Every structure is written in C-alpha cells, then in structure tokens.
Amino acid sequence: MKEKDILKTIKKEIENNTPNVINKIDLKSIEIDKEVYVEKSRKKFRFNLISSISLVMVVLVFVIVLSFIFRGNNIISKEEKVVVTKKDQIVANYVVSGMNVTSNNQSSISKIVSDSEIDYFNKHLNIVLEYLELTTTNISIIKKHDNKQYDKYEFKMEVKVKDVFNKENEYTLYYNEDRTIEDDDDHEKKMEGILVYQSKEYNFKSEEEYDTDESEVKVIIYEKNYRNRIEIEKEIENDEAEYQYTIFENDNKVKEIKIEIEDEQIEITIDELKYQVVKKDLDTYNIINLDTDDVFELFIDREQKKYIYRTNGKEIVKTVNIML
C-alpha cells in the first residue's frame with residue numbers, strides 16, 4: 001500500500017472514531033465568572049518532523065487528550081478566587097496584630113514591665129502603627145486550593161503585610177467558614193482553621209456579627225493548648241470603635257491592651273497606662289500620658305529605619321520593631 005493510501009486510511013479512522021466535540025458544546029449555556037481563573041496543565045510533546053506520519057501521530061495524541069477531558073479525567077485544575085470583604089480584612093489584620101502582641105510579650109508575658117516608659121511604649125508600637133494606618137495589608141483568598149496537607153479546609157487566605165519601613169511578612173490561613181444571613185442588614189460569619197507562618201502552625205477562629213448600626217468581631221489565636229491564647233475583640237457603633245487584646249496563660253489574664261478611636265483621635269491603654277496619640281506633622285507624633293500629662297515625641301525615620309523618641313531635650317533611638 002502506498003504512503004498516500006495509508007494516510008487516507010488513518011484519516012478516515014480518525015473521522016469515524018473521534019466524537020463530534022464541537023456540536024456537543026452549547027456556547028450560550030456557558031457562564032463566565034470573572035472571579036474564577038483556570039490553570040491548564042501543560043504537557044510538552046517533543047517530536048521530529050521526519051515524515052508526515054509523525055504529524056498524524058500528533059493529531060492522534062490531540063484526539064486522545066480530548067477524549068480524556070470529555071470522560072471527566074482531571075486534566076484541567078480549577079482554583080476559584082474569592083472576593084475579599086472588609087470582614088475578611090479585619091480577621092487578617094487581627095491575626096497579624098495578635099501575633100505581634102504575643103511576640104512582644106513572650107519573654108515576660110506574666111511579668112510587670114519595669115523598663116522606662118518609652119521602652120514600654122515602643123514594645124507595643126506595632127499595634128499603634130497599624131491603627132495610624134502606617135502598615136499596609138494585601139489579601140487574596142482562594143477556594144479549592146491545591147495544598148493537600150490542608151485539604152480539609154475549603155479556603156486559603158494569603159496575607160502580605162508591609163511595615164512602615166517596607167519590610168514584608170507573609171502569612172497563610174487555611175480555614176472553613178459558615179455564613180448566616182438573617183436579613184439584608186443582619187449577618188453572622190464564623191471562621192476556623194490554621195495559621196501558618198515560617199512553617200509554624202497556630203490555630204485560630206473568629207466570630208463576626210454585624211448589621212447596619214454596629215458590628216462585633218472576635219478572633220482567638222492559640223497553639224495546641226487553648227488555655228494559652230490571645231483574644232482580639234472589636235466593637236464598632238456609629239463613628240466610635242473599640243479594640244481589645246487580651247493575653248491568657250493557663251486561662252489567667254496576664255495582659256490587656258485597649259484601643260479607642262473616636263473622631264480620629266486614638267487612645268491606647270496598655271495594662272494600667274493610658275496614652276493619646278496625636279499627629280504633629282509628617283512622621284512625627286506626640287504621645288501623651290493621660291494620667292500624668294507627660295508628653296514625649298515620636299519621629300519615624302524612614303530613611304534610617306529607626307524610631308526616634310524625644311523627651312526632656314534628649315533623643316532615644318530604637319531600631320526596627322520586628323513584625324511576626
């Protein structure tokens with residue numbers, strides 16, 4: 001049999017045995033979701049175009065791939081991008097700030113700090129910078145993620161945080177969530193899962209209740225022992241907001257930090273010390289002790305990546321407060 005007869009025979013076999021794929025596709029029924037993107041696994045085929053028979057083999061391989069797709073084999077993998085809501089952002093920010101509060105107190109979590117007042121304030125500075133909006137947070141949420149280690153969790157949240165000196169840290173949250181909508185104004189949402197940072201795991205869970213007038217959010221971070229934990233609570237009503245961070249050891253409260261925001265004024269209470277933070281000019285803030293009326297100044301030196309405190313005619317320099 002001649003080569004052209006062989007080609008005709010192969011072509012006829014392909015036409016007779018290949019399903020009519022195009023006619024089976026209803027283009028009008030296909031909906032395009034802007035939040036979903038599809039990643040196609042790619043396979044590279046190497047071949048030498050020595051003869052036309054090789055070209056026919058490529059066509060046969062293509063037909064085989066099509067048949068796998070229409071038999072339902074997992075040739076195409078899907079990941080769904082989820083829209084990040086303000087509530088998701090709140091939970092992410094609380095997880096990060098909660099880790100900061102915990103790390104700042106690991107060495108003396110149950111002791112009264114006896115350092116100078118500026119040393120004590122600087123120890124909790126990261127949480128202040130967050131509410132001064134000097135840190136930035138970027139969040140992405142994926143549904144149906146591909147990490148098999150955490151496949152019991154439906155959602156994956158990636159959080160990237162930059163501090164005032166552009167130092168970046170990354171956190172990954174794997175979690176399940178439960179949403180309840182009683183009406184258009186009343187919503188509830190619960191999240192529970194794992195926080196992964198630098199290969200270390202922490203448990204977390206959150207509860208959110210909100211309507212048109214007020215909202216309440218509570219986030220709890222803990223390791224294996226729930227008796228050692230940090231609880232973060234937020235209440236917002238009209239233009240007033242109150243935040244509270246509480247650290248527990250063996251179910252005993254050992255530290256409490258409160259932040260109150262009203263009319264763009266920020267007050268922070270660390271244990272028994274209460275401060276007001278007032279912006280003076282670019283990167284300069286006055287810190288007022290509301291119990292003693294003592295004032296010291298904070299200047300953020302972005303170029304040298306230092307915090308400079310000024311009081312009683314002298315300067316006290318602190319290096320970058322490492323974010324965890």
Side-chain angles (χ1 to χ4, degrees), residues 90 93-94 96-135 163-164 214-219 230-249 252-302 306-323:
I90 288 171
N93 287 340
Y94 283 9
V96 172
S97 59
M99 293 294 293
N100 284 328
V101 171
T102 303
S103 65
N104 287 335
N105 292 278
Q106 283 177 348
S107 60
S108 58
I109 194 169
S110 60
K111 298 178 182 178
I112 298 176
V113 178
S114 59
D115 296 341
S116 70
E117 187 171 0
I118 289 177
D119 288 338
Y120 189 48
F121 182 86
N122 186 74
K123 190 174 183 179
H124 304 86
L125 183 58
N126 275 330
I127 195 171
V128 178
L129 297 178
E130 178 182 332
Y131 290 97
L132 290 174
E133 298 182 351
L134 296 178
T135 61
D163 67 10
V164 67
E214 60 181 332
S215 67
E216 296 181 9
V217 182
K218 184 174 183 178
V219 177
I230 178 167
E231 297 183 0
I232 305 119
E233 297 180 74
K234 171 187 176 182
E235 293 185 11
I236 296 180
E237 187 172 358
N238 299 324
D239 294 329
E240 299 179 13
E242 182 175 314
Y243 307 81
Q244 181 169 307
Y245 298 75
T246 310
I247 296 177
F248 293 87
E249 275 191 348
N252 296 315
K253 183 171 68 175
V254 297
K255 179 170 285 294
E256 185 175 79
I257 300 173
K258 290 183 179 179
I259 295 177
E260 298 176 65
I261 301 175
E262 183 178 359
D263 298 329
E264 297 184 355
Q265 291 187 350
I266 297 178
E267 292 184 4
I268 177 170
T269 304
I270 308 171
D271 294 327
E272 301 299 326
L273 298 177
K274 191 170 186 176
Y275 300 94
Q276 185 178 54
V277 182
V278 180
K279 186 170 183 176
K280 186 176 180 181
D281 52 44
L282 183 64
D283 289 333
T284 305
Y285 298 85
N286 281 336
I287 315 299
I288 305 168
N289 186 321
L290 295 178
D291 296 322
T292 64
D293 291 330
D294 291 338
V295 180
F296 56 89
E297 185 180 272
L298 166 63
F299 171 65
I300 302 173
D301 189 336
R302 296 176 186 262
K306 295 179 180 179
Y307 303 112
I308 300 175
Y309 293 90
R310 301 184 179 115
T311 181
N312 300 324
K314 64 178 182 179
E315 290 188 348
I316 300 174
V317 179
K318 298 292 182 181
T319 54
V320 174
N321 204 350
I322 298 176
M323 297 176 61

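Treat the numbers as computed from the prediction; the structure is a model and nothing was measured. For the numbers below, each heavy atom of this structure counts, side chains included, while hydrogens, waters and symmetry mates do not.
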Asks: Between Leu298, Ile268, Leu134, Ile287, which is the residue that forms a side-chain contact (heavy atoms from CB on, under 4.5 Å) with Val128?
Replies: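 By the side-chain contact (heavy atoms from CB on, under 4.5 Å) criterion, Val128 pairs with just one of Leu298, Ile268, Leu134, Ile287: Ile268.
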Asks: Which pair of non-hydrogen atoms, one from Asn289 and one from Glu117, has the smallest distance, and what is that distance?
Replies: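 Of all heavy-atom pairs spanning Asn289 and Glu117, the closest is ND2-OE2, 2.7 Å.
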Asks: Might you point out which heavy atoms bring Tyr131 and Ile127 nearest each other, and give the distance in Å?
Replies: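 For Tyr131 and Ile127, the tightest heavy-atom pair comes out as CD1-O, 3.0 Å.
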Asks: Enter the distance from Lys218:NZ to Glu231:CD here, rounded to the nearest 0.5 Å.
Replies: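 Rounded to the nearest 0.5 Å, the NZ-CD separation comes to 4.0 Å.
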Asks: So Asn122 and Tyr309, side chain to side chain donor-acceptor pair (under 3.5 Å) or not? Walk me through it.
Replies: CA-CA 9 Å; Asn122 186 74; Tyr309 293 90; 2.9 Å; yes
Asks: Can you sort out the partners of Glu315 under side-chain contact (heavy atoms from CB on, under 4.5 Å), two or more places apart, ordered by chain and number?
Replies: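 Scan of Glu315 (side-chain contact (heavy atoms from CB on, under 4.5 Å), adjacent residues dropped) gives Ile308, Arg310.
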Asks: Just jot down the side-chain contact (heavy atoms from CB on, under 4.5 Å) partners of Leu290, sequence neighbours excluded, or say none.
Replies: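 For Leu290, the residues satisfying side-chain contact (heavy atoms from CB on, under 4.5 Å) (neighbours in sequence not counted) are Glu267, Lys274, Gln276, Ile288.
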Asks: At what distance, to the nearest 0.5 angstrom, does OH of Tyr243 lie from CD1 of Ile259?
Replies: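 If we round to the nearest 0.5 Å, Tyr243:OH and Ile259:CD1 are 8.5 Å apart.
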Asks: Could you tell me which non-hydrogen atom of Asp291 sits nearest to which non-hydrogen atom of Leu273, and how far apart they are?
Replies: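 In this case the closest contact between Asp291 and Leu273 is OD2-CA, 4.3 Å.
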Asks: State the NZ-CD1 distance between Lys258 and Ile270, to the nearest 0.5 angstrom.
Replies: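 Interatomic distance, Lys258 NZ to Ile270 CD1, rounded to 0.5 Å: 13.5 Å.
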Asks: Is the shortest heavy-atom distance from the side chain of Leu129 to the side chain of Asp163 under 4.5 Å?
Replies: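 Result no, sub-4.5 Å side-chain heavy-atom pair not found.
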Asks: Within the structure provided, determine whether Asp119 and Lys318 are in side-chain contact (heavy-atom separation under 4.5 Å).
Replies: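 Heavy-atom side-chain distance check passes, below 4.5 Å.
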Asks: Do Gln244 and Glu256 make a side-chain contact, defined as non-hydrogen atoms from C-beta onward lying under 4.5 Å apart?
Replies: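 Yes, side chains in contact.
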Asks: Could I get the full list of ring-ring contact (aromatic ring centres under 6.0 Å, His included) partners for Tyr285, not counting sequence neighbours?
Replies: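 With neighbours one apart ignored, the set is empty.
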Asks: For the residue pair Val317 and Tyr307, establish whether any side-chain heavy-atom pair is separated by less than 4.5 Å.
Replies: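 No, their side chains stay 4.5 Å or more apart.
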Asks: If you take all heavy atoms of His124 and Ile257, which pair is closest and at what distance?
Replies: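 His124 and Ile257 have their closest heavy atoms at CD2-CD1, 3.5 Å.
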